[in-house]
Asks: 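Mind having a look at this structure? Questions to follow.
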Amino acid sequence: MAASGKMASFRLPPLPTIGEIIRLYNLRAERQLSQNFLLDMKLTDKIVRQAGSLKGAHVCEVGPGPGGLTRSILNAGAADLLVVEKDARFVPGLQLLSEAAPGRLRMVQGDILTYRMDRGFPKKIARKWEEEMIHLHIIGNLPFSVSTPLIIKWLEAMSDRTGPFAFGRTRLTLTFQKEVAERLTAGPGSRQRSRLSVMTQYLCKVRDCFTIPGRAFVPKPKVDVGVVHFTPLAQPQIQQPFKLVEKVVKNVFQFRRKYCRAFFPIIMLRLELAEQMLQMADVDPTLRPTQLSVAKFGALADAYSKLCARNPGLFSYDFREERRNKGRDKGLLAEGLDS
Ligand code: SAM
């Protein structure tokens, strides 16, 4: 459906409350599907406001459940809302909502981890990546069990301009466990600085919008929740393939509490290559991984790419596998796995 500026009114007519929908359809929360519902429309409206104006927008909502956030997205003026929900029990409640917003709500019953979002919207909505921001948003109160693998998958898709990013620079407004939200947005020197911070920030402008206390959800999860907004950058801060960046970042953070000079020889196969990489990237060897900026990771990725071109076999070398095979240094490895 075309995003239309002609919608007379995009506010929904009076409907049963979300609590009533839950009772009416007996929608008991399923723990395996990380179901924690938001019933407070003020809160769902606040999440939706973080996306910016949705008037006339195309939107994909992940896991609509009983439909609280879905109502807020429709009330904000989305012209075309595609919801992807794994649990079929929610279909009748969403059907009710679809009837209240004729032609504006489409439903897919499926798994967001495998759903082909590049087929979810018409090709004609696409915009050139560098030139213009597309009016396509992904919004979701994500299931905890899915949120980290999903954002990693979407970061790779962002880098390759596939999936939701086949249309252009699609913006994301998503919830995460508070600790994950902090890692996604942590800057250099922060205690939360991690692999996820660098992988996210080299591709996106990222904003930790606000925290929702666990008590706002039904049932109440053990943790608080952070709302995070992602805007893909027109030019990624690192100009190397995603897999290469991922390898460098993963290896550097393997020993997050050590100085760079202490662990580089281990990940780089040979001492002289490690020294070369640090020198080429102009990285102070007395810094810890958590202190490195995205620009420094970019310099390391460029240096690593050059060294791989000159040293066949370097890219496929995986020091962890070698250690596993040798079955030694368990302590050092365990220490590194906290990133
Ligand atoms: N949006 C609703 C709200 O805010 O009240 C529900 C949020 S609840 C945290 C997560 C929702 O995602 C549930 O409806 C759950 O069934 C759905 N879900 C879980 N895993 C999913 C998956 N792999 N793909 C699509 N939906 C999923």
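Note that this is a predicted model, so its numbers are computed, not measured. Counting convention: from 1, in listed order, for ligands and their atoms alike.
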Asks: Between Phe167 and Arg161, is there a cation-pi geometry (under 6.0 Å to ring centre, at most 45° from the normal)?
Replies: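 The answer is no, since Arg161 fails at least one limit relative to Phe167.
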Asks: Please identify each residue that fulfils salt bridge (Lys or Arg N to Asp or Glu O under 4.0 Å) with Glu132, with sequence neighbours left out.
Replies: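 Listed in chain order: Arg127.
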Asks: Tell me, which residues have any heavy atom less than 4.0 Å from some atom of ligand 1?
Replies: Leu33, Ser34, Gln35, Asn36, Phe37, Leu38, Glu61, Gly63, Pro64, Gly65, Val84, Glu85, Lys86, Asp87, Phe90, Gly110, Asp111, Ile112, Asn141, Leu142, Pro143, Val146
Asks: What residues, two or more places apart in sequence or in another chain, satisfy salt bridge (Lys or Arg N to Asp or Glu O under 4.0 Å) together with Asp111?
Replies: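 If we apply the salt bridge (Lys or Arg N to Asp or Glu O under 4.0 Å) test to Asp111, skipping adjacent residues, the hits are Lys86.
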Asks: Please list, one pair per line, the donor and acceptor atoms closer than 3.5 Å that link side chains of residues 215-223 to other protein atoms, with sequence neighbours excluded.
Replies:
none

Asks: Start with the C-alpha gap between Asp118 and Arg116, add the side-chain angles, then the distance that decides, and say whether salt bridge (charged side-chain N to carboxylate O under 4.0 Å, His left out) holds.
Replies: CA-CA 5 Å; Asp118 54 331; Arg116 290 279 311 262; 2.6 Å; yes
Asks: Taking the six-membered ring of Tyr304 as reference, does the NZ or CZ atom of Lys247 fall below 6.0 Å from its centre and within a 45° cone about the axis?
Replies: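 So Lys247 doesn't make the cation-pi contact.
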